[in-house]
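All values derive from a computational prediction rather than experimental measurement.
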Amino acid sequence: MPPRGDPGVRTTHKIKNFKGTSARLIKEFKPVAVILSFVATLLICSAILTALSPMFLQQIINGITKDALSAAASGESQSYIGTYIHIINGQVSIVWSEMFKGFGIILAFYFAGAFISWLAEFTVAKISAGYAFQFRQRIKTKLDLMPLSFYDNHTVGEILSRGTNDVDTISRSMSMIINQSINSISLFIAVVIIMFIMSWQLSLVVIATLPLCIIVTVVIAKHSQKQYVAYQNRLGAVEGHAEEQYAGFTVVKLFNKEQDSLKEFNILSDQMKKADWKSRWLSFLIFPSMRFINNVGYVAVCVIGGATMNADKIGTIAAFFIYLQLFQQPFQQLGELASTIQGVIAAAERIYELLDAPEEVKEDIDCIDTEEGIIGNISIKNVDFSYTKDKELIKDMNLEVHQGDSIAIVGPTGAGKTTIVNLLMRFYDVDSGNIILDGNDIRHYSRAALRGSIGMVLQDTWLFAGTIKENIRYGRSDATDEEVIAAAKAAHAHHFIKTLPNNYNFMLNEDGTNVSQGQRQLITIARAIVSQPKILILDEATSSVDTRTEMQIQDALDTLMVGKTSFIIAHRLSTIKNAKMIIVMNKGSIIESGNHQELLAKGGFYAELYNAQFSGTNPMAKEDKPEESAT
């Protein structure tokens, strides 16, 4: 396998195409355009109600002030009947009915505005949740279509981060962006219009604070978005490291690397903390800055209002205090949105990079889409292949394998043994040459048909959380219980399964960690057996079992391999003595071939490998160290 991506710190993701990604993201909401139009209407109505409320407060305060001034001018001996104040025979009384009516209207406006705003947010939240669901579905579908090389070059944590954190970032932030952007723009327009209707002088004072608001918003948002993007990338690095360490926890414990792991985690976590802290600090800086500008505006409104207005216009000044707050509120929101939008676009661009990544080569329209007719004649002709263009691996390989042949592939680490398996399974396609299966290039078979005809047992077992029966049946979903048990017996797994609680219904943990490594290997062998393959690939299939069990499994596999083409990759050469043909690979080439006795008689590289397992010598000492590759 090729080298995997670095699980450590990733380079901060910089937005490459802000405009294009934004346009593409907006198109995602085209199917719900009608609902979003309804939401926009609600938010506009809410903004208008919010902007109208101070006008009623102005009328009440101005009315009370006018009544008070008029009453004072009339003197105690005269009666005065005002809207809010009555003086009769020297007795002053407040007209509470009018007071309650005026304030009732204000409360009604506030309540209606809040309810409409809640309804809009509820609707958008529902849309965002559905959007996140659909996006994850697309990502899952895409991942199923990706070639193995994609997974070889991306860490699990990085992929998970795109499908979880990035989608959540977009989903949750889009709700806020839609609500606040529409509400802010509507509120700004409504407030400006109403302010000029009430007093153009004070309106100019309020508008004079606009440049300061814009400068503060732009400067702070520009710096905070960089830290927010850095935080998202650091979060992915932390998750990747944690996933890797817990997946290999046994190895970490074995080599006493707990402190090293903790040290690296602390470094990554500290970097994430700093990026998070800086982004939050800069975002929070907007509020005190805006508050300072507000206070300056309050003073200016008082000075200009006091100099240009009569005493009975105090309500207008009071209303402008509220309008000053409402006028600057959109810029506070837009300041937050600027940072949020940058984070959303960065997340979207990372997701689109995944969705746009090259998929597996499309299958031919007229490809063979059935396993019927596959018997296992394989011809490898003039095949060249390398994982990277600058590092040659397999060069001009030729091999003929007939139905029922058992082919053992041996050689030192990095020789290209597992690479042949990757090519046979079409996990990778050859750079040049052909692999022929029963007269047809394997690229003319559908991947489902090709892989469905092959049973594979790997050195690294993979089991999912579920019953043992379900894990064995994973090889063929329509296998009966009797076939599952027969496969387990053939793999010599039946005995230990019967000792477990619930037998075949025993629940395995994720990756089968509640049974031994050897038992996991037996279950995977049973899974391969139940699939009834035409071709078998055994990659160190008995490496995790004891010698006695290995002999039993080998007998079962010998029986299973009768009439089937089999490829056996093994380092323990004693397990392949009975193979019809043994091919010896080194540095991507076949350097020897023949049966066990023939190769020993030659006294070549195979003989050295075989004897080294008993004498303890190192045949590679006489060879150049093979080029590194992840086979």
- Query: Are the side chain of Ser175 and the backbone N or O of Arg172 linked by a donor-acceptor pair below 3.5 Å?
  - Reply: no
- Message: In the structure I gave you, are the side-chain heavy atoms of Met425 and Ile454 within less than 4.5 Å of one another anywhere?
- Response: yes
- Could you tell me whether Arg473 and Asp481 have a side-chain N and a carboxylate O separated by less than 4.0 Å? yes
- Under 3.5 Å: donor-acceptor pair, side chain of Asp144, backbone of Thr141: no
- Show your working on side chain to side chain contact (heavy atoms under 4.5 Å, CB included) between Ile435 and Leu424 and close with a plain yes or no. CA-CA 8 Å; Ile435 299 178; Leu424 289 173; 3.9 Å; yes
- Task: Output every pair passing salt bridge (Lys or Arg N to Asp or Glu O under 4.0 Å) with a member in residues 492-503, not counting sequence neighbours, ordered by first then second residue.
- Result: none
- Task: Measure from the side-chain N and O atoms of Asn514 to the backbone N and O of Asn509, and report whether any donor-acceptor pair falls under 3.5 Å.
- Result: yes
- Query: Looking at CD1 of Ile351 and CZ of Arg24, how far apart are the two atoms once the value is rounded to the nearest 0.5 Å?
  - Reply: 10.5 Å
- Query: Is any side-chain heavy atom of Leu423 closer than 4.5 Å to a side-chain heavy atom of Val383?
  - Reply: yes
- Distance-minimising heavy-atom pair for Thr164 and Arg136: O-NH2, 3.6 Å
- Report yes if some heavy atom in the side chain of Glu470 is under 4.5 Å from a heavy atom in the side chain of Thr467; otherwise report no. yes
- Query: Hey, what's the ring geometry for Phe122 with Trp118, parallel, tilted or perpendicular (30° and 60° as the breaks)?
  - Reply: parallel
- Message: Could you tell me if the side chain of Phe150 sits less than 4.5 Å from the side chain of Leu143, heavy atoms only?
- Response: yes
- N-O pairing of Glu353 and Arg162 below 4.0 Å: yes
- Message: Pair Arg138, Leu355 - check side chain to side chain contact (heavy atoms under 4.5 Å, CB included), show working.
- Response: CA-CA 8 Å; Arg138 290 169 58 188; Leu355 294 178; 3.5 Å; yes
- For Asp429 and Arg426, indicate whether the former's side chain and the latter's backbone hold a donor-acceptor pair under 3.5 Å. no
- Report yes if the side chains of Ile497 and Phe506 come closer than 4.5 Å at any heavy-atom pair, otherwise no. no
- Message: Is it the case that the side chain of Ser173 and the backbone of Ile170 share a donor-acceptor pair, with hydrogens and angles ignored and the cut-off at 3.5 Å?
- Response: no
- Message: Testing the basics here: between Val430 and Phe385, what is the closest heavy-atom pair and its distance to 0.1 Å?
- Response: CA-CD1, 4.2 Å
- Between Ile420 and Ile394, is any pair of side-chain heavy atoms under 4.5 Å apart? yes
- Do Gln403 and Thr565 have a side chain donor and acceptor closer than 3.5 Å? no
- Checking Ser171 side chain against Ser128 main chain: does a donor-acceptor pair fall under 3.5 Å? yes
- Message: Keeping Thr169 on the side-chain end and Asn165 on the backbone end, is there a donor-acceptor pair under 3.5 Å?
- Response: yes
- Note on the structure: Distance col, row Leu36:CG vs Lys30:NZ, nearest 0.5 angstrom, shows 13.5 Å
- Say whether, by atom type as modelled, one donor and one acceptor occur between the side chain of Asn471 and the main chain of Phe464 under 3.5 angstrom. yes
- Task: State, with a plain yes or no, whether a side-chain heavy atom of Tyr504 is found less than 4.5 Å away from one of His494.
- Result: yes
- NZ-OG distance between Lys564 and Ser406, expressed to the nearest 0.5 angstrom: 13.0 Å
- Query: Would Ile407 and Ile568 satisfy side chain to side chain contact (heavy atoms under 4.5 Å, CB included), going step by step from the backbone distance to the final call?
  - Reply: CA-CA 6 Å; Ile407 307 300; Ile568 309 163; over 6 Å; no
- Message: If the test is side chain to side chain contact (heavy atoms under 4.5 Å, CB included), which one of Leu536, Val401, Ile583, Val421 qualifies with Phe567?
- Response: Val401
- Carefully, step by step, assess Ile523 and Arg520 under the rule side chain to side chain contact (heavy atoms under 4.5 Å, CB included). CA-CA 5 Å; Ile523 294 173; Arg520 292 200 294 271; 5.7 Å; no
- Task: Check whether more than 12 heavy atoms from other residues, nucleotides or ligands sit under 6.0 Å from atom CZ of Phe133, and answer yes or no.
- Result: no
- Note on the structure: Ile375 and Asp438 have their tightest heavy-atom pair at N-OD2, 2.7 Å
- Query: Rounded to the nearest 0.5 Å, what separation is found between the NZ atom of Lys274 and the OG atom of Ser269?
  - Reply: 11.0 Å
- Item | Other residues, nucleotides, ligands: >12 heavy atoms within 6.0 Å of Tyr474 OH | no
- Note on the structure: dist Ser453:OG -> Ile442:CD1 (nearest 0.5 Å) comes out at 10.0 Å
- Query: Which is it for Asp270 and Lys273 under the salt bridge (Lys or Arg N to Asp or Glu O under 4.0 Å) test, yes or no, and what are the steps along the way?
  - Reply: CA-CA 5 Å; Asp270 184 64; Lys273 179 195 71 175; 3.2 Å; yes
- Item | Value rounded to 0.5 Å, distance of OG1 in Thr418 from CG in Asn422 | 7.0 Å
- Item | Short side-chain to backbone donor-acceptor contact, Glu28 and Leu25, under 3.5 Å | no
- Taking it one step at a time, do Tyr387 and Thr419 satisfy side-chain hydrogen bond (donor to acceptor under 3.5 Å, both in side chains)? CA-CA 9 Å; Tyr387 290 110; Thr419 299; 3.1 Å; yes
- Looking only at heavy atoms, the pair that brings Pro147 and Glu359 closest together is CD-C, 3.9 Å
- Message: Does any part of the side chain of Ile378, heavy atoms only, come nearer than 4.5 Å to the side chain of Ile535, both counted from C-beta?
- Response: yes
- Message: Minimum heavy-atom separation for Arg443 and Asn434, please, with both atom names.
- Response: NH2-ND2, 3.4 Å
- Message: Given 3.5 Å as the limit, does a donor-acceptor pair link the side chain of Lys142 with the main chain of Ala357, or not?
- Response: yes
- Task: Look at atom NZ of Lys580 and say whether more than 12 heavy atoms of other residues, nucleotides or ligands are closer to it than 6.0 Å.
- Result: no
- Note on the structure: Scanning both residues in full, the closest heavy-atom pair of Met174 with Val344 reads SD-CG1, 4.0 Å
